[in-house]
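A short write-up of the structure that comes next.
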Amino acid sequence: MTREELKAAAVAMLDRSYCPYSHFAVGAALECSDGTVFTGCNIENAAYSPTMCAERTAVAKAVSEGHRDFVRIAVAGRCEEFCVPCAVCRQVLREFAPEIEVICLNGKGEELAMPLSALLPYSFGPEYLIREAE
Ligand code: THU
């Protein structure tokens, strides 16, 4: 999938968003090293805290289907600002792909891209626990 196709896949997921409370739709498209793409949207809940972000929906779909080797994620919103992943989603991506390229889109389809390490510096990851267990 090309970069533009990945971005389009994230934008297409905006229509799947379930966001009756915030009315803030988010779409994501997560690309694996073998080219497989998993999409996601945010899924809100009347109890609020169970709300799933679009990025974590995509990660859950990928990992539960046996994919963990992520290379790029596109995140789309309809907002004026670039739709950046929240801190929880940054940490979830960090678990599997500390250097994944994060492509943030605004409502005009313009992009702001950077490695996850720029969004989450000095991050905590699995290697800390593995070292401690040795
Ligand atoms: N949201 C995401 O889907 N991804 C993010 O990284 C930021 C926030 C969703 C959660 C909620 O449904 C709505 O955006 C407003 O916070």
Side-chain angles (χ1 to χ4, degrees):
M1 190 177 274
T2 66
R3 187 180 188 83
E4 290 310 309
E5 286 169 342
L6 189 73
K7 285 155 65 172
V11 170
M13 289 305 287
L14 291 169
D15 290 333
R16 296 264 175 91
S17 165
Y18 175 72
C19 56
Y21 309 110
S22 73
H23 304 286
F24 189 87
V26 183
L30 177 65
E31 187 181 60
C32 306
S33 56
D34 68 356
T36 314
V37 171
F38 293 90
T39 55
C41 62
N42 53 332
I43 306 168
E44 298 188 345
N45 188 277
Y48 287 22
S49 62
T51 291
M52 278 291 292
C53 288
E55 300 91 317
R56 279 180 290 134
T57 302
V59 169
K61 286 169 69 177
V63 173
S64 60
E65 294 297 323
H67 292 258
R68 296 179 190 165
D69 193 10
F70 308 139
V71 291
R72 289 194 289 198
I73 186 167
V75 184
R78 294 194 172 106
C79 42
E80 232 173 84
E81 297 79 17
F82 293 107
C83 194
V84 292
C86 78
V88 172
C89 289
R90 293 177 197 197
Q91 183 65 34
V92 169
L93 289 166
R94 162 64 175 88
E95 182 75 13
F96 302 105
E99 293 297 334
I100 187 174
E101 184 184 17
V102 182
I103 305 168
C104 309
L105 306 176
N106 65 15
K108 292 181 187 162
E110 296 163 337
E111 71 162 70
L112 173 71
M114 68 202 82
L116 179 65
S117 56
L119 286 166
L120 194 68
Y122 299 103
S123 63
F124 187 83
E127 65 276 12
Y128 283 71
L129 301 178
I130 290 160
R131 274 189 211 128
E132 282 304 309
E134 277 167 6

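Both counts, for ligands and for their atoms, begin at 1 and track the order of listing.
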Can you give each donor-acceptor pair under 3.5 Å made by side-chain atoms of residues 20-30, sequence neighbours left out, with the distance rounded to 0.1 Å?
from, atom 1, to, atom 2, distance (Å)
Ser22, OG, Phe24, N, 3.0
Ser22, OG, Glu44, OE2, 2.5
His23, NE2, Pro20, O, 3.1

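Of the protein's non-hydrogen atoms, the one nearest atom 12 (O) of ligand 1 is Glu44 OE2, 2.5 Å. Nearest to atom 9 (C) of ligand 1 among the protein's heavy atoms is Asn42 ND2, 3.6 Å. In terms of protein heavy-atom proximity, atom 4 (N) of ligand 1 is nearest to Glu55 OE1, 2.8 Å. The protein heavy-atom contact nearest to atom 3 (O) of ligand 1 is Ala54 N, 2.9 Å. Scanning the protein heavy atoms around atom 15 (C) of ligand 1, the nearest turns out to be Ser22 OG, 3.7 Å.
Those atoms of ligand 1 with a heavy atom of Pro85 less than 4.0 angstrom away are 6 (O).
Looking at ligand 1, you'll find an N or O of Cys86 within less than 3.5 Å of one of its N or O atoms.
Val84 places a side-chain heavy atom less than 4.5 Å from the side chain of Arg90. By the 4.5 Å heavy-atom criterion applied to side chains, Glu110 and Phe82 are counted as neighbours. Counting heavy atoms from C-beta outward, Cys53 and Cys86 have side chains that approach closer than 4.5 Å.
Evaluation of the salt bridge (charged side-chain N to carboxylate O under 4.0 Å, His left out) test over residues 53-77, restricted to residues two or more places apart or in two chains, returns Glu31-Arg72.
The heavy atom nearest to atom 2 (C) of ligand 1, out of those in Ala76, Ala28, Cys53, is found in Cys53.
Although no hydrogens or angles enter the test, the distance criterion places a donor-acceptor pair under 3.5 Å between the side chain of Thr57 and the main chain of Cys41.
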